[in-house]
Colleague: 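The structure under discussion is supplied below as structure tokens; questions concerning it will follow.
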Amino acid sequence: MLEKDIKKVLISQEEIVKRSAELGRQITQDYEGKQVLAVALLRGAVPFLAELIKHIDLDIQYDFMDVTSYSGTDSTGEIKILKDLDTPIRGLDVLLVEDIVDTGRTLQAVRKLLLDRGAASFRMVALLDKPERRAVDIQADYVGFTVPDEFVVGFGLDFNQHFRSLPYIGVLKDECYK
Ligand code: IMP
Ligand code: MG
């Protein structure tokens, strides 16, 4: 029972599906005629990728990357690649798929990395955006929901690797952090 640890539901599954459909329609329009490679960041972006691609009416490809940001880095944003893409991206229109943009450091670093590798274009879609926490000047091109500066779990987002499988976005009870 994951439910018992949840203080409140912030965004329901229905809202996520509805918003993903809206984003999918927009992305379909914006990328018509292009070869899109969706790059999902492990592991948090997996449920959102799975929902989103159902609503994109294009023959998009997808691949996965796992990165960690070195803490304490400045705005040049260095990251360590734990798992790299298997797809050569030169000339492809890359759509990065992320669970949440928090400080923005991950996005900034991955953006630089993939553009350096010769992606034709780079845009990013994030299920959630926490603008109050932003440390670098970057924003997603497509955002599902803006959330307050509160730690959230579910739909891929974890607390110490737990709660990713919750089908909605929620906030944990205070005792979970003890
Ligand atoms: P940043 O934008 O580089 O700070 O990194 C964003 C990453 O931090 C996300 O991909 C999540 O893995 C993690 N993260 C940030 N805020 C939350 C949250 O509220 N819950 C769970 N993970 C979070
Ligand atoms: Mg992440």
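Side-chain atoms are counted along with the backbone in the values below, which use heavy atoms only and exclude waters and symmetry mates. All ligand and atom numbering here is 1-based and tracks the order in the structure. Keep in mind that this is a model prediction, so the values were computed, not measured.
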Colleague: Counting heavy atoms only, which of Ile138, Leu42, Ile100, Ile79 comes nearest to atom 23 (C) of ligand 1?
Modeller: Ile100
Colleague: Show the atom names and distances, to 0.1 Å, of all donor-acceptor pairs under 3.5 Å that link a side chain in residues 51-58 to residues at least two apart or in another chain.
Modeller:
from, atom 1, to, atom 2, distance (Å)
Glu51, OE1, Lys54, NZ, 3.2
Glu51, OE2, His55, NE2, 2.8

Colleague: With a 3.5 Å cut-off and no angle check, do the side chains of Asp93 and Ser121 form a donor-acceptor pair?
Modeller: yes
Colleague: Below 3.5 angstrom, do we get any N/O pair linking Val101 and ligand 1?
Modeller: no
Colleague: For ligand 1, which atoms have a heavy atom of Asp158 less than 4.0 angstrom away?
Modeller: 21 (C)
Colleague: Scan residues 26-40 for pairs that pass salt bridge (charged side-chain N to carboxylate O under 4.0 Å, His left out), counting only residues two or more places apart or in two chains.
Modeller: Asp30-Arg123
Colleague: Considering both backbone and side-chain atoms of Gly104, is one of its nitrogen or oxygen atoms within less than 3.5 Å of a nitrogen or oxygen in ligand 1?
Modeller: yes
Colleague: Taking C-beta and beyond as the side chain, do Ile100 and Leu127 meet within less than 4.5 Å on heavy atoms?
Modeller: no
Colleague: Going by the order shown, which atoms of ligand 1 are within less than 4.0 Å of some heavy atom of Asp99?
Modeller: 9 (C), 10 (O), 11 (C), 12 (O)
Colleague: Taking atom 22 (N) of ligand 1 as the point of reference, which of Asp129, Leu172, Leu157 owns the nearest heavy atom?
Modeller: Leu157
Colleague: Show which atoms of ligand 1 fall inside a sub-4.0 Å distance from at least one heavy-atom site of Thr106.
Modeller: 1 (P), 3 (O), 5 (O)
Colleague: NZ of Lys173: more than 12 outside heavy atoms within 6.0 angstrom?
Modeller: yes
Colleague: What heavy-atom pair brings Asp99 and Gly44 nearest, and what distance separates the two atoms?
Modeller: OD2-CA, 3.4 Å
Colleague: May I ask you to decide if the ring planes of Tyr142 and Tyr31 are parallel, tilted or perpendicular, using 30° and 60° as cut-offs?
Modeller: tilted
Colleague: Within the 4.0 Å heavy-atom shell around Lys130, which atoms of ligand 1 are there?
Modeller: 16 (N), 17 (C), 18 (C), 19 (O)
Colleague: Can Val152 be said to touch ligand 1, with heavy atoms closer than 4.0 Å?
Modeller: yes
